[in-house]
Structures are given as C-alpha cells and as structure tokens.
Enquirer: 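Mind looking over this structure? Questions follow.
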Amino acid sequence: MIEIIVNSKHKKSLLELEKIENILNREKIEYKVLKTSKSKNAQKLMAEVSSRQIIVIGGDGTINEVVNNYHGEDIIYLAQGSGNDLARSLRLERSPSCIIKLMNSSVFNTYDAGDVNGKKFCSGFDIGFNADVINRVEKTRLKKYFGSYIYLVEGVITILKLKKYYAKIQVGDNILETDNLRLLNVMIQPYEGGGIRFSNTATGRDGQFHIMIMADMTWFRFVYNYICLLLHKHDKLKGVRILKADSLSVETSQSHYQIDGELVAKDKKIQLKCIKEFYKIKKEERK
C-alpha cells in the first residue's frame, strides 16, 4: 500500500489527487489518502504514515511540514503550490502520468535539510527584506484579487518601505555586527520566492549553506542588487557578502524570519545547521 498526503486547502492539489486515484484504481494498487485539515497539517499526518514510500501533493509549505516529521520514507513529490520552488530546484516531473514509473523506480536522490532552532527547512531561510514581504503577504486581504502576483505587489510595497535591522551574524570565526541589515539569505537549494534564483551555487547535496548578506548599503544599492538577482546577473552584485558554511548563528532586531515561504516568530538567538542527506526524493529511471 502507498499513502498519499495531500494539502486539502488547494483546489489544484485535490484535482491532482483525483487524477492519481484514477490511475491507482485502474492499476489496482492499494492506497490510503491522508488529507490536511485545520487540526492536522502534513507534519502531524506523517505520524500516521506506515508505508515505505509516500506521495506528497502540495506546495513548498506542505513538503516542509513532511520533512519536519520525516522518518526515512521515499517521497514522490507532486508540486501543486503557488511557488513550487523546491520542485523547480530539483527539476521534478509534476505530471500524474509518471506516478506508476516513479513508484516502480528504485532511483532517488538524497537532499540536505536546514535546521533552525529545531525546525527543518528544504530551500531557504531569510531575515530582512524577504521575511518582510512574506509578513505583508500573510496580513494582506488582497491575495484573493492578485493570486500568486500578490508577492510581486507586496514586494514593490516592501521595497518602497524598505527597513533595516540590527543583526549579529557569526559564521565560523567571522562575526558581522550591523545596524543596517537589508537581507540575510541562507540557501540550501537555488530557488525561493516564487522562482527567484538566489544562489547560483547551491545544490542541496553538498552539506553547505550558501549565504548572501546585504548590509551597510543604501536603498538604491539594495534595489540595484535585487534587480540583478531577478535578472540572474549574480556576477553584477555590488557590496554583497557571499559565504559558504555548514552552520551559523544570528541575533536580530527583526521579530520574525521566513523558511520555505512560511513566517516564523524568532527566538532570541537563531542557530542554523545544515543536515547532510536528510530526506529522499524519488526520481524516474532514465534509460
């Protein structure tokens, strides 16, 4: 039997589930569906999983919840969120037509996960500008009108109201302390933010965080650098610190941070570590 965890909040995920059920019924494969609800998210549903492999249908938030209660399953991930940054980074096939091939495949890749004060993440961590955008998106009533474009709308507003924060960032023996942090971006995978390639070097398989710090720069310099990121002109960035490390610690005046598109209220001190080869994603066999 195979178990399916599906985000029941999104119509796209439920439509995908219907297609998968039709295929499994046609092939006479036994399955069990576990749907998220107000009382049970995917993290809690993982406690009910007993199968060796599972199908996960949802977005970056759903796969994040699965990884936060992961215990060795082979994951078939069918991304149906608004951003789908992890699927984009991993170059995953999203069509339900491949489901039987994936179930029969013995091929999988093992990927690193980040840990921030005990909470896991798959793609990226941010304080500063990116976290402020997520904060605005979560509070706005305009999402029903703009859909996935709400991130662009709120991003523009956040730039116009760009804030700076106190931060003390320690990477190894190096310490940066500033009252003018614009963005701390810590990536495991290349993409986050609905398709923005924040790192050209992150692979999710090297046991390293790929860290970008934008601090002590003017509003104009920050906007210039962010436009460079949007245009994939990483070689044109100015005044930006780029580092690699398997761990770091952060203290900040910002009241929240974001991981995998979800806002989290911060603790006094934030400890991050990269966990090498933490979870498995099944891949289709190539002939």
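Please read these numbers as outputs of a predicted model, since none were measured by experiment.
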Enquirer: Thr36 side chain to Ser8 main-chain N or O, any donor-acceptor pair under 3.5 Å?
Expert: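 Here the side-chain-to-backbone pair exists.
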Enquirer: For residues Gln80 and Ser13, report the shortest heavy-atom separation together with the two atoms involved.
Expert: CB-OG, 3.6 Å
Enquirer: Ala167 and Leu181: which non-hydrogen atoms are nearest, and at how many Å?
Expert: CB-CD2, 3.7 Å
Enquirer: Just by modelled atom types, is the Tyr279 backbone N or O under 3.5 Å from a matching donor or acceptor in the Glu277 side chain?
Expert: no
Enquirer: May I ask you to decide if Met103's main-chain N or O and Lys282's side chain share a donor-acceptor pair within less than 3.5 Å?
Expert: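 Yes.
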Enquirer: Do we see a donor-acceptor contact under 3.5 Å between the side chains of Asn180 and Asp216?
Expert: no
Enquirer: For the backbone of Asn25 and the side chain of Asn22, can you confirm whether one donor and one acceptor N or O come within less than 3.5 Å of each other?
Expert: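 The answer is no, because no donor-acceptor pair under 3.5 Å joins these two groups.
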Enquirer: Would you call Thr201 and Lys244 a side-chain contact if the rule is heavy atoms closer than 4.5 Å?
Expert: yes
Enquirer: Regarding Glu48 and Lys32, does a basic nitrogen lie under 4.0 Å from an acidic carboxylate oxygen?
Expert: no
Enquirer: Can any side-chain N or O of Asn84 pair as donor or acceptor with the backbone N or O of Gly81 at less than 3.5 Å?
Expert: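 Yes, Asn84 side chain to Gly81 backbone: donor-acceptor pair under 3.5 Å.
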Enquirer: Are the side chains of Leu229 and His234 in contact, using a 4.5 Å heavy-atom criterion?
Expert: yes
Enquirer: With Lys266, which residues qualify under side chain to side chain contact (heavy atoms under 4.5 Å, CB included), at least two apart?
Expert: Thr252, Tyr257, Ile270
Enquirer: Which pair of non-hydrogen atoms, one from His210 and one from Thr203, has the smallest distance, and what is that distance?
Expert: NE2-N, 4.5 Å
Enquirer: Report yes if some heavy atom in the side chain of Ile76 is under 4.5 Å from a heavy atom in the side chain of Gln53; otherwise report no.
Expert: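 A side-chain contact under 4.5 Å exists here.
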Enquirer: Assess, by modelled atom type and distance only, whether the side chains of Asn185 and Glu192 contain a donor and an acceptor separated by less than 3.5 Å.
Expert: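 There is such a pair between these side chains.
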Enquirer: Please list, one pair per line, the donor and acceptor atoms closer than 3.5 Å that link side chains of residues 159-166 to other protein atoms, with sequence neighbours excluded.
Expert:
| from | atom 1 | to | atom 2 | distance (Å) |
| --- | --- | --- | --- | --- |
| Tyr165 | OH | Asp132 | OD1 | 3.0 |
| Tyr165 | OH | Asp132 | OD2 | 2.8 |
| Tyr166 | OH | Glu177 | OE2 | 2.7 |

Enquirer: Given the rule in the side chain to side chain donor-acceptor pair (under 3.5 Å) test, do Asn68 and Asn64 qualify, once you have shown the distances and angles that lead to the verdict?
Expert: CA-CA 6 Å; Asn68 269 279; Asn64 173 282; 3.2 Å; yes
Enquirer: My understanding is that only residues two or more places apart in sequence, or in another chain, count here; which of them pass salt bridge (charged side-chain N to carboxylate O under 4.0 Å, His left out) with Arg52?
Expert: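 Result, salt bridge (charged side-chain N to carboxylate O under 4.0 Å, His left out) vs Arg52: Asp74.
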Enquirer: For Ser51 versus Glu73, what's the shortest heavy-atom pair and its separation?
Expert: O-CG, 3.5 Å
Enquirer: Identify the two heavy atoms, one from Ala113 and one from Val67, that lie closest to each other, and give their separation to 0.1 Å.
Expert: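 That would be CB-CG1, 4.4 Å.
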Enquirer: What distance separates Ile157 CD1 from Leu142 CG, expressed to the nearest 0.5 Å?
Expert: 7.5 Å
Enquirer: Output every pair passing salt bridge (charged side-chain N to carboxylate O under 4.0 Å, His left out) with a member in residues 107-117, not counting sequence neighbours, ordered by first then second residue.
Expert: Asp115-Lys120
Enquirer: Tell me, please, which residues at least two apart from Asp85 pass salt bridge (charged side-chain N to carboxylate O under 4.0 Å, His left out).
Expert: Arg88
Enquirer: If two hydrophobic side chains count as joined below 4.5 Å and joins carry through other members, does Ile196 share a cluster with Tyr224?
Expert: no
Enquirer: Donor-acceptor pair, Ser123 side chain versus Gln189 backbone, under 3.5 Å?
Expert: no
Enquirer: Ser249 versus Lys269: any side-chain heavy-atom pair under 4.5 Å?
Expert: yes
Enquirer: Hey, are Asp126 and Gln258 close enough side-chain-wise for a donor-acceptor pair under 3.5 Å?
Expert: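 Checked: Gln258/Asp126 side chains pair up, N/O donor to acceptor below 3.5 Å.
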Enquirer: For Asp235, check side chain to side chain contact (heavy atoms under 4.5 Å, CB included) against everything at least two apart and list the hits.
Expert: Lys233
Enquirer: How about Lys273: does its NZ atom have over 12 heavy atoms from other parts shown lying under 6.0 Å from it?
Expert: no
Enquirer: So Glu3 and Ser50, do their side chains get closer than 4.5 Å, heavy atoms only?
Expert: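 Side chain of Ser50 against side chain of Glu3, heavy atoms only: contact under 4.5 Å found.
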Enquirer: Decide side-chain contact (heavy atoms from CB on, under 4.5 Å) for Val66 and Gln43; before the verdict, give the C-alpha distance in whole Å, the side-chain angles of both, and the deciding distance to 0.1 Å.
Expert: CA-CA 5 Å; Val66 166; Gln43 182 174 343; over 6 Å; no
Enquirer: Counting C-beta onward and ignoring hydrogens, is there a side-chain heavy-atom pair between Asp260 and Leu86 closer than 4.5 Å?
Expert: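 Answer no - side chains too far apart.
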Enquirer: Who passes side chain to side chain contact (heavy atoms under 4.5 Å, CB included) against Asn225, sequence neighbours left out?
Expert: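 Listed in chain order: Met214, Met217, Arg221, Leu237, Lys238, Val240.
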Enquirer: Got a sec, which residues hit side chain to side chain contact (heavy atoms under 4.5 Å, CB included) with Leu243, two or more places apart in sequence or on another chain?
Expert: Val171, Ile211, Ile213
Enquirer: Is it the case that one hydrophobic cluster holds both Val264 and Ile169, taking links as side-chain heavy atoms less than 4.5 Å apart, direct or via other members?
Expert: yes
Enquirer: Taking all atoms of both residues into account, what is the closest heavy-atom pair of Tyr70 and Lys280, and its distance?
Expert: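 It is OH-N, 3.2 Å.
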Enquirer: Show the numbers, then the answer: is there a side-chain contact (heavy atoms from CB on, under 4.5 Å) between Asn109 and Ile281?
Expert: CA-CA 6 Å; Asn109 284 339; Ile281 299 285; 5.6 Å; no
Enquirer: Ring pair (Phe, Tyr, Trp, His ring centres under 6.0 Å): which pairs involve residues 6-36, sequence neighbours left out?
Expert: none
Enquirer: I'd like to check the salt bridge (charged side-chain N to carboxylate O under 4.0 Å, His left out) partners of Arg197; sequence neighbours left out, ordered by chain and number.
Expert: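 Expected list: none.
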Enquirer: How would you list, by chain and number, every residue that makes a ring-ring contact (aromatic ring centres under 6.0 Å, His included) with Tyr191, sequence neighbours excluded?
Expert: none
Enquirer: Is the shortest side-chain heavy-atom distance between Tyr111 and Arg205 below 4.5 Å?
Expert: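 In short, these two side chains touch, coming nearer than 4.5 Å.
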Enquirer: I'd like to check Leu24 versus Ile4 (side-chain heavy atoms, cut-off strictly below 4.5 Å). Are they in contact?
Expert: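 Yes. Closest side-chain heavy atoms under 4.5 Å.
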Enquirer: For the pair Ile99 and Leu78, evaluate side-chain contact (heavy atoms from CB on, under 4.5 Å) and give the outcome as yes or no after the intermediate values.
Expert: CA-CA 9 Å; Ile99 197 68; Leu78 300 176; 4.1 Å; yes
Enquirer: Please state whether the rings of Phe129 and Tyr226 are parallel, tilted or perpendicular, taking 30° and 60° as the class boundaries.
Expert: perpendicular
Enquirer: Output all residues satisfying salt bridge (charged side-chain N to carboxylate O under 4.0 Å, His left out) with Glu154, sequence neighbours left out; order by chain, then residue number.
Expert: Arg136
